[in-house]
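The block underneath contains the structure these notes are about, expressed in structure tokens.
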Amino acid sequence: MNSSLLAGLNPQQLEAITLSEQSVLVLAGAGSGKTRVLTTRIAYLIQTGKVSPYSILAVTFTNKAAKEILVRINAMLPINTRGMWIGTFHGLCNRLLRTHYQEAGLPQAFQIIDIADQLAMIRRILKALSVDDKRFPPRQVQWFINNAKEAGRRAANVVADDPYTRHLLEFYSAYERQCDREGVVDFAELLLRSYEMLSRNEALREHYRERFDHILVDEFQDTNRLQYDWLKLLAGAGADRHPTAVFVVGDDDQSIYAFRGADTGNMKSFEHDFGVTKVIKLEQNYRSHGNILAAANAVIARNTDRLGKHLWTADDQGELLRVYRGLNDFDEASFIVDEIRALQSEGIPLAQMALLYRSNAQSRVLEHSLFNAALPYRVYGGTRFFERMEIKHALAYLRLIAHPDDDNALLRIINFPARGIGARSLEQLQDAARQQSSSLWEAAIQKCGGDSHAAAGSNAKGLTGFVGLIQSMRQDWESLPLPRIVEHVLVQSGLISHYKNERDGADRLENLHELVNAATIFVHEADDDSLVAFLTHASLEAGEHQAGSGQDALQLMTVHAAKGLEFHTVFLSGLEEGLFPHDNSLNDVNGLEEERRLMYVAMTRARRRLYLTLAQSRMLHGQTRYNIPSRFLDEVPEKFLKWLSPIVGIKTNDNFVVADSDNDFRYSRAVQRNSSSQFSGNTAQWRIGQVIRHAKFGEGVIVAYEGAGNDARVQIKFNDVGIKWLMLEYAKLTPA
DNA sequence: CTTACGTGAGTTTTT
DNA sequence: CTCACGTAAG
């Protein structure tokens with residue numbers, strides 16, 4: 001047994017990792033080493049030799065998390081992780097369905113559609129049924145369908161009491177039929193389909209139950225009903241109990257996806273459904289300083305619906321939380337800019353600072369100020385690589401090659417780039433397809449075949465050309481390796497020349513070339529380098545939000561997007577009633593508690609410094625709004641706050657402090673200052689009085705320091721730029 | 001088929 | 001306000 005595997009773990013972590021074969025709930029607070037525990041347990045199970053890597057199933061929500069687990073296991077054990085069942089719910093379900101496509105009633109090359117494709121399809125169906133889309137907005141229909149699926153219900157299993165629901169159900173069944181006909185599945189379908197397959201097929205179910213001795217689940221608080229039932233089925237919990245040990249890690253306080261069907265009730269159900277006798281709490285936080293943690297604890301303590309957990313840290317109290325209330329949103333933004341500049345001059349990298357907001361719309365003003373201040377920043381969220389229009393077009397060609405029944409794909413590209421197939425020829429095509437209940441592609445082929453005597457209009461010519469194009473592409477597919485096919489399709493389809501001629505097509509062209517790169521990388525990395533596998537990869541992994549230039553940049557994102565991340569400094573902006581908590585959650589207790597969890601998540605992202613900012617007025621929807629401070633601000637005990645602005649309309653009206661950049665740090669310094677003159681950073685020993693050199697500020701002498709290790713700060717009297725406090729971790733000092 | 005205009009919505013979103 | 005989408009006109 002490699003003892004280094006378990007080195008440096010606290011007793012609770014150790015217990016969770018080495019627990020014998022039983023199901024367990026691990027309540028893991030923010031920054032408590034959750035991922036480390038999960039991965040170390042996997043490594044431990046394998047290394048102690050009791051468990052084969054192939055009888056472990058580990059499931060996450062994001063590809064990123066799954067990758068992280070694989071990387072860490074690879075670092076801990078000399079085993080090949082290929083072939084291990086570690087992935088997202090959707091990825092693993094896809095694997096099941098691909099392996100047993102016949103049992104699942106799917107074509108071998110079934111395609112996965114994303115929400116945009118799904119919406120387009122629903123639009124099409126509603127149109128075909130002549131539905132008034134004012135009464136039944138496509139988005140609402142989509143929401144209804146996905147909700148039903150995520151609760152494990154088919155159209156046939158939903159009870160409709162009212163006419164409205166009956167209509168929705170009709171659309172749901174029509175949608176189901178259409179998906180079946182096209183041989184496509186949406187995200188929820190991956191889960192529902194594999195769930196149904198396993199519950200229907202006893203032999204298959206038993207096979208997988210036997211196979212997996214251990215199931216591990218990350219972010220368990222985010223599971224929805226269907227995912228829970230899926231786990232239960234696979235683990236054989238309930239009546240016919242199977243000795244599968246199910247190890248789930250989660251934090252009910254960080255459940256922020258209830259609006260999407262996540263159900264923390266699953267954590268409670270888990271205990272009794274899986275015969276859990278042991279709940280392990282990981283409550284030691286290794287991330288944040290004490291004040292930040294205490295403030296976050298105070299906020300989350302207001303929630304009534306909790307399993308109960310209290311984070312603590314062995315670290316110092318650290319600084320107070322800094323609060324700034326600006327006159328307006330612009331003022332708030334310039335405050336943030338000033339503070340970022342100051343931190344930057346202290347040597348803290350921009351990438352270690354995050355600017356968080358409740359909703360995306362808030363980023364506009366902030367970005368404006370950052371841009372004017374010439375501060376590099378990166379916004380997370382927005383369109384991801386495989387969701388870009390030009391990429392979806394290219395993928396649609398590829399999909400049609402691999403899977404001709406995909407009407408969605410056909411409709412996307414039949415006239416893009418334009419080849420003279422207008423609305424009326426499309427309508428004819430759709431009519432023909434509907435009549436013989438075939439796919440559009442089949443209808444197109446027939447139309448071309450019997451075309452010689454028909455009116456030789458330009459549209460017929462266009463259609464023939466299109467059919468010929470796809471058919472020739474399909475032939476190339478037989479003989480070319482994946483990246484070449486992609487390249488070929490880009491050229492033959494006319495996409496390349498189309499974007500070459502377009503005014504602002506340069507970025508799109510670049511993205512298309514990037515797609516060839518993606519295919520090349522995929523071929524090198526994947527076990528299965530087929531076109532279908534690549535398309536699946538594109539559907540299940542939307543790709544990075546942005547190509548990430550690698551440049552040091554401030555991180556801008558919503559609080560949701562920040563979950564799981566940590567930063568030296570966090571700016572939490574827009575702390576106003578109506579924004580955070582959001583208007584739409586104000587009247588609902590559950591909604592408010594979710595907003596509060598969101599606040600908790602936001603606060604616990606900060607390692608060392610946390611700013612809470614707000615504005616007295618701001619522009620929203622073209623109107624100036626005067627918001628009162630967020631209730632969450634009131635929920636932080638005053639003793640943890642340091643006001644940096646005069647404040648109005650809040651109970652602690654008189655004890656504000658005006659920012660004073662020189663003396664700003666004095667209060668925290670008093671607590672932590674050390675008396676010895678020798679101290680050490682990460683790599684080197686330093687002493688007071690020593691002459692040093694700094695890359696930017698030049699030569700200077702160390703006059704004081706505080707803290708230790710990573711958190712040590714040094715005060716240096718520079719020859720040229722005066723006295724400065726710098727973070728030792730980032731300052732890159734060299735002895736002069 | 002492209003362009004212009006009108007309309008309406010405007011939390012969060014791992015797959 | 002401002003973006004995205006859908007329809008109508010050119």
Side-chain angles (χ1 to χ4, degrees), chain A residues 59-68 87-94 112-116 118-120 123 127 133-134 137-139 143 146 149-150 185-191 218-219 221-224 226-227 254-262 329 356-365 380-384 386-387 389 415-426 458-459 462 502 536-543 545 557-565 574 578-586 591 594-595 597-599 601-602 618-625:
Chain A
V59 56
T60 64
F61 279 85
T62 66
N63 292 302
K64 198 174 152 200
K67 229 173 260 164
E68 171 82 11
T88 63
F89 276 102
H90 295 84
L92 295 173
C93 285
N94 173 63
I112 300 162
I113 57 172
D114 68 9
I115 39 158
Q118 186 187 40
L119 188 63
R123 282 218 169 90
K127 208 166 217 169
D133 56 6
K134 291 280 181 305
R139 279 178 196 285
W143 183 87
N146 287 334
K149 286 195 179 191
E150 272 158 22
V185 300
D186 57 48
F187 288 137
E189 184 73 20
L190 285 168
L191 271 135
D218 193 20
E219 305 277 18
Q221 77 283 351
D222 288 341
T223 50
N224 63 30
L226 181 54
Q227 287 157 340
Q254 290 188 75
S255 163
I256 55 174
Y257 287 106
F259 72 93
R260 240 178 50 174
D329 42 356
L356 308 184
Y357 33 82
R358 174 66 180 81
S359 62
N360 286 305
Q362 289 167 249
S363 75
R364 176 184 299 279
V365 181
Y380 287 80
T383 323
R384 291 184 294 186
F386 287 113
E387 287 168 354
M389 204 194 335
N415 199 34
F416 190 92
R419 50 176 70 86
I421 303 177
R424 41 191 195 293
S425 29
L426 244 180
S458 64
N459 32 349
E502 209 179 64
T536 301
H537 167 78
S539 305
L540 289 181
E541 206 165 330
H545 275 288
M557 65 192 89
T558 64
V559 178
H560 280 91
K563 191 179 149 198
L565 305 177
L579 278 185
F580 196 3
H582 193 273
D583 271 328
N584 300 6
S585 310
L586 290 178
E594 176 140 323
E595 295 284 315
R597 291 193 292 271
L598 209 43
M599 178 74 185
V601 168
R618 72 171 65 234
M619 276 294 250
L620 201 67
H621 306 329
Q623 281 183 323
T624 306
R625 281 178 49 149

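So that the names make sense, note that chain A is the first sequence line, chain B the second, and so on, each numbered from 1. Just so you know, these numbers use all the heavy atoms, side chains as well, and skip hydrogens, waters and symmetry mates.
Listed nucleotides dT15(B), dT11(B), dT13(B) differ in distance to Thr558(A); the shortest reach to its side chain belongs to dT13(B). Checked against dT12(B), dT11(B), dT15(B), the side chain of Leu540(A) finds its nearest nucleotide in dT15(B). Among the nucleotides dT13(B), dT11(B), dT15(B), the one closest to the side chain of Phe187(A) is dT15(B). With distances taken from any side-chain atom of His90(A) to the nucleotides dT13(B), dT11(B), dT15(B), the minimum falls on dT15(B). Set against dC1(B), dT15(B), dT13(B), the side chain of Asn63(A) has dT15(B) as its closest nucleotide.
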Listing time: all N or O pairs from protein to nucleotides 2-5 of chain C that are below 3.5 Å?
unit_1, atom_1, unit_2, atom_2, d
dC3(C), OP1, Arg364(A), NH1, 3.3
dC3(C), OP1, Arg364(A), NH2, 3.1

Can you name the atoms? Protein N/O to nucleotides 2-9 of chain B N/O, anything below 3.5 Å, with the distance.
none

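Between Glu150(A) atom CD and dT13(B) atom P there is a gap of 16 Å when expressed in whole angstrom units. Met599(A) has its CE atom 16 Å from the C1' atom of dT12(B), to the nearest Å. Protein atom CD1 of Ile256(A) is 12 Å distant from nucleotide atom C1' of dT11(B), rounded to whole Å. Counting to the nearest Å, the P atom of dT15(B) and the NE2 atom of His537(A) are 11 Å from each other. The separation between Ile115(A) atom CD1 and dT12(B) atom P is 12 Å, rounded to whole Å. If you measure from atom CG of Leu356(A) to atom C1' of dT11(B), you get 15 Å, rounded to the nearest angstrom. Separating the CD1 atom of Ile113(A) from the P atom of dT15(B) is a distance of 17 Å, rounded to the nearest angstrom. Atom CG of Asn584(A) and atom C1' of dG10(B) are 10 Å apart (whole Å).
A donor-acceptor contact shorter than 3.5 Å is absent between the side chain of Asn146(A) and the backbone of Ala188(A). Asp133(A) places no side-chain N or O within donor-acceptor distance of the main-chain N or O of Pro137(A), the cut-off being under 3.5 Å. Although no hydrogens or angles enter the test, the distance criterion places no donor-acceptor pair under 3.5 Å between the side chain of Arg618(A) and the main chain of Asp329(A). At least one donor-acceptor pair closer than 3.5 Å links the side chain of Asn415(A) to the backbone N or O of Ile421(A). With hydrogens and angles disregarded, no donor-acceptor distance shorter than 3.5 Å links the side chain of Thr60(A) to the backbone of Ala65(A). Within the 3.5 Å criterion, the main-chain N or O of Ser585(A) finds no donor-acceptor partner in the side chain of Glu595(A).
Taking atom P on both dT13(B) and dA4(C), the two are 16 Å apart, rounded to the nearest angstrom.
In this structure, Ala423(A) and Glu541(A) both approach DNA chain B, and ranking their closest nucleotides by distance from the 5' end singles out Ala423(A). Taking the nucleotide of DNA chain B with the nearest heavy atom to each of Glu387(A) and Ala361(A), the more 5' of the two is matched to Ala361(A).
We find that the ring of His560(A) and the base of dT12(B) do not stack by the test of centres under 5.5 angstrom and planes tilted less than 30°. Aromatic stacking is not marked for Tyr257(A) over dT13(B), as the cut-offs of 5.5 Å for the centres and 30° for the planes do not both hold.
OP1 and OP2 of dT11(B) both lie 4.0 Å or more from every side-chain N or O belonging to Asn360(A).
Among the protein residues, Asp114(A) comes within range of no part of the nucleic acid, since none of its heavy atoms lies under 4.0 Å from any strand. Contacts of Ser585(A) with the nucleic acid, taken as non-hydrogen atoms under 4.0 Å apart, include base atoms. At a threshold of 4.0 angstrom between heavy atoms, the contacts of Glu595(A) include nucleobase atoms, whether or not backbone atoms are also involved.
In this structure, Phe259(A) and His560(A) have perpendicular ring planes: the angle between them is above 60°, well past the 30° mark.
Here CG of Asp583(A) is found 8.5 Å from CG of Leu620(A). Values are rounded to the nearest 0.5 Å.
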